[in-house]
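Comments concern the structure below.
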Amino acid sequence: MIEKIQHATASSPEGARGLVKGVLACAFQNLAFMLPTSLLYFLVRDMMTGTTSGRTAFYVCGCAVCFALIFLTTWFQYNGTFFTTYKESGVRRLNLAERLRKLPLSFFGKRDLADLTSTIMADCEVLEKTCSHYIPGLFGSLISTVLIALSLLVFDWRMALAALWVIPVSIAILLGSYRIQDNVQAKTMAVKMACADSIQEYIETMRDLKANSAENAYLDGLSEKIRAVEKQTISAELTNAVFVTSAAMVLKLGIASVALTGSVLLIRGSIDVLTLFLFLLVASRLYDPMQGALQNLAAVIAMRTNVGRMNEILDAPLQTGSEQLTNQGCDIVFDHVGFAYNSGETVLRDVSFTARQGEVTALVGPSGGGKTTVSRLAARFWDYQKGSITVGGMEVSQIDPEKLMSLYSIVFQDVTLFDNTILENIRLGRKGATDEEVLAAAKLANCEEFAEKLFYAAEAKISARKKPGRMGAYSFETLARLDIEKLAQRRFAAIRAFAYAARGNGFFEELAFAGGRAPDIFSACCPVLKFRDPRVRDAVYAKLREKKMFAPIYWGGFGEAGSPAARAESATLMCVPPHFADSESEAEGFCEFILG
C-alpha cells in the first residue's frame, strides 16, 4: 500500500507513511468532535427523566475529558498533516532536483525551462497543499463517517439509513465527474504551459524581437494565450463548482430526511423523542466534515495532473554504468555510429573516425550537419542507437556519465556565466583550485590581457543583466557588473590623490564621479576625469593609445540617455588608466604625463 501511495502522491516512503498517520489523526479528530454530542445526549436524557441530581461531577469530568481529547487529537492532527507534509515537500524538491541532475539530455530535449520550473515550483506547491489540507481530511472523514455510521446502524437502522443515504449519493456524483474533471484539468495545464513557454521565450528573445520590429506581433499572440488561460480557468472552475455544489446540495438533504423519517416513526410510536433528538444532533455534526471532504475529493482529482507531470521526472530512466575508469589514454573512436533524436529522423548515419589524444581533430560541415551531436554523443549526453563509441578503449555507454565527464573538458556554443566573480566562474572546472591555479588557467586560455582590460577583473562580478548605457564602448553582453564595494575600497586613496593632483591644474575641470552620480562601475575602479574641452580629452586619449595604455572613455549614458546634454558631457570624460590609479605618486605621474 505504501508503494501505491508513493506513486499516487509522488512521495518518498517516509512521506507516504506520514500521510497515512495524518489520515488516521484526522479520523480520530473527527471522532473526538462527536464526543460532546454524546455527552449532550446523556444530559438531555437525564433532564427528561429527572435524574440529573448527583451527576454534576460526571458532566464536569466529561467536559474536561472532551476538551482534553479534542486538544490532543488536534495536536496530533496538526503535526501529522502540516509538519509532516512540509518536511516531505522539502524532500520532494530535493529528490526532483537530484533526479534532474542525473537524467540524460534526451529527457530535456522534449521539455523546456518553463515546463521544468512549473513542475519543481507550481506542481510541488499544489501537491504540498493537497497532502496537508485535502487528502488527510478526505480519507479521515471517510473513516470516521464509516465508524459513526456503524454505531448509528446498531442504535436504530431505520434512522441511520435516513441519515446516511445522502453520503454515497454525493460521493457518486463526484466520482462520476472523475473523467470530466481529469480532462478539464489536463486542458487547463496545457494552456498554462503554452502561455508560460511563450513568456519564457519572449524574455529570452526580447532583443531579437525588438531588433526585427516583431515585438508587437509577438505580444499580440502572447495576449491571446493569456486570454485562453483565463477562459480555460473559468471553465475549469465552473465545471468543478457544478459537481461539488450538486454533491453538497444532496448532502444537505440528510437533515431533512432525518427529520421527516423521525417524525413518521415518532407518530407511529416506533421511536421516542430522545432518539429523534439524538439523530438530529448527530446529523447536524456528521455532514460538516463530509462536506469539506467532498470539496477535497474534487481537489484530489485535480491533483492527478500535477502528480502525473512529476512522476514523468521521477520514473524517467537514468543513465547508469560502471564507476571504474579503465581507459588507456583518451583516444575517441566512433565506429559506424548511428543516431536519431526522434524515431524516423536520422541525424547521424554510419559515422566512423578517430580523434587521437594530443592532436587537434576538427569536424567541418554545414549548420545542422551533426557536429554538435557528435560531441554530445562522445560525452554521453545522449545514448546512440547503432555502432559504438569508445574513449581510451572504454565503451562510453557502459560508463557512469559523471565518471565519464571527468575525462572531458567542453566549451559549449551557448556559454553560461553565473552571477559570481570571474574567479569563481573559472573555478567551477575544479572546485578545490587555488586563486593562483585559477589565474594560471586564465592565462593558458589567453584571458590574461582581457582581464587586465576589465580593471582587475579577477574581482569582477559577472551578471547576465546589463545596465544599458553605463559601460559605454565596453558594454559587454555578459560582463556588465563589477564588485563595486571591493574595488571602491582599493581605489579610494587613489581617488583622493587625483583630487589633490588636479587642484589648481587648468588642464581638466574636475574629478568626476560619472557625471556627478554616486560611484558606479567605472569610478569604483578608477577615477573619472572631466576635461574642460573635449578636444583636449581626445588628444590625451590618443597619446595614451600611442603608449599602449588603456583608458576607457565615455560615449554617453549620463542624464537622459542619448540627449544632447548627455552626449556633450560624456565627450569630456575619461577614466584614468589602471597603471596610474594605485597611489598618490602614480596620480601625480599621470598629471605630468598628460601635461608633457
Side-chain angles (χ1 to χ4, degrees), residues 2-20 22 82-132 135 189 193 196-197 200 303-325 341 376-383 396-410 412 414 416-420 424-425 427-433:
I2 294 297
E3 292 183 359
K4 291 183 178 179
I5 294 175
Q6 276 185 256
H7 192 269
T9 60
S11 301
S12 64
E14 292 77 11
R17 284 190 285 268
L19 188 60
V20 172
F82 296 103
F83 286 168
T84 302
T85 299
Y86 295 150
K87 182 179 178 180
E88 173 62 21
S89 182
V91 173
R92 182 183 295 111
R93 283 182 166 89
L94 290 174
N95 288 341
L96 280 172
E98 181 65 15
R99 190 79 180 185
L100 288 171
R101 187 179 70 84
K102 294 183 177 181
L103 286 174
L105 283 185
S106 57
F107 175 84
F108 299 96
K110 299 178 181 179
R111 291 161 178 83
D112 53 30
L113 180 61
D115 187 12
L116 294 174
T117 301
S118 177
T119 299
I120 294 176
M121 302 302 295
D123 291 348
C124 281
E125 183 180 354
V126 169
L127 198 55
E128 176 183 298
K129 187 174 183 179
T130 304
C131 290
S132 61
I135 294 179
M189 184 60 68
M193 285 298 97
D197 290 344
Q200 182 70 33
M303 177 197 73
R304 284 172 45 83
T305 303
N306 306 92
V307 173
R309 287 158 45 82
M310 205 170 297
N311 282 331
E312 287 182 5
I313 297 175
L314 297 176
D315 295 339
L318 298 178
Q319 287 179 320
T320 59
S322 172
E323 296 189 0
Q324 185 69 32
L325 297 178
Y341 288 106
R376 290 172 174 174
L377 292 179
R380 205 189 173 190
F381 291 166
W382 273 270
D383 282 329
V396 298
S397 62
Q398 305 299 321
I399 305 299
D400 179 78
E402 292 190 16
K403 287 293 181 181
L404 183 64
M405 279 304 298
S406 65
L407 302 177
Y408 287 88
S409 294
I410 300 177
F412 295 97
D414 298 325
T416 299
L417 297 175
F418 295 94
D419 190 11
N420 207 331
E424 295 306 321
N425 270 271
R427 206 190 309 273
L428 289 174
R430 184 158 64 87
K431 293 183 179 180

Side chains of Met405 and Phe381, heavy atoms from C-beta outward: is any pair under 4.5 Å?
yes
With a 4.5 Å heavy-atom cut-off, do Thr9 and Val307 have their side chains touching?
no
Nearest 0.5 Å please: distance from the OG1 atom of Thr84 over to the CZ atom of Arg17.
12.0 Å
Say whether Ser397 and Arg380, considering side chains only, have a donor N or O and an acceptor N or O under 3.5 Å apart.
no
Closest heavy-atom pair, Leu127 versus Arg92, reported as atoms and distance to 0.1 Å, is CD2-NE, 3.3 Å
Who pairs with Phe82 by ring pair (Phe, Tyr, Trp, His ring centres under 6.0 Å), at least two apart in sequence or on another chain?
Tyr78, His133
Does Asn311 reach the side chain of Leu314, with side-chain heavy atoms less than 4.5 Å apart?
yes
Can you find a heavy atom in the side chain of Cys124 that is under 4.5 Å from one in the side chain of Met310?
yes
At their closest point, which heavy atom of Leu404 faces which heavy atom of Ala378, and how far apart are they?
CD2-O, 4.0 Å
Where Tyr86 and Glu128 come nearest, the two heavy atoms and their spacing:
CE2-OE2, 3.6 Å
For the CG atom of Asp315 and the CZ atom of Arg99, what is their distance to the nearest 0.5 Å?
7.0 Å
How many angstroms lie between NZ in Lys129 and CE in Met303, if you round to the nearest 0.5 Å?
14.0 Å
Check Cys131 against Leu19 and note the closest heavy-atom contact, atom names and distance.
O-CD1, 3.6 Å
Between Leu318 and Leu103, is there a side-chain heavy-atom distance shorter than 4.5 Å?
yes
Residues in side chain to side chain donor-acceptor pair (under 3.5 Å) with Glu98, at least two apart?
Arg101
So which heavy atom on Ser11 is nearest to which on Glu88, and how close?
CA-OE2, 3.4 Å
Taking all non-hydrogen atoms of both residues, which atom of Tyr408 and which atom of Val396 are closest, and how far apart?
OH-CG1, 4.5 Å
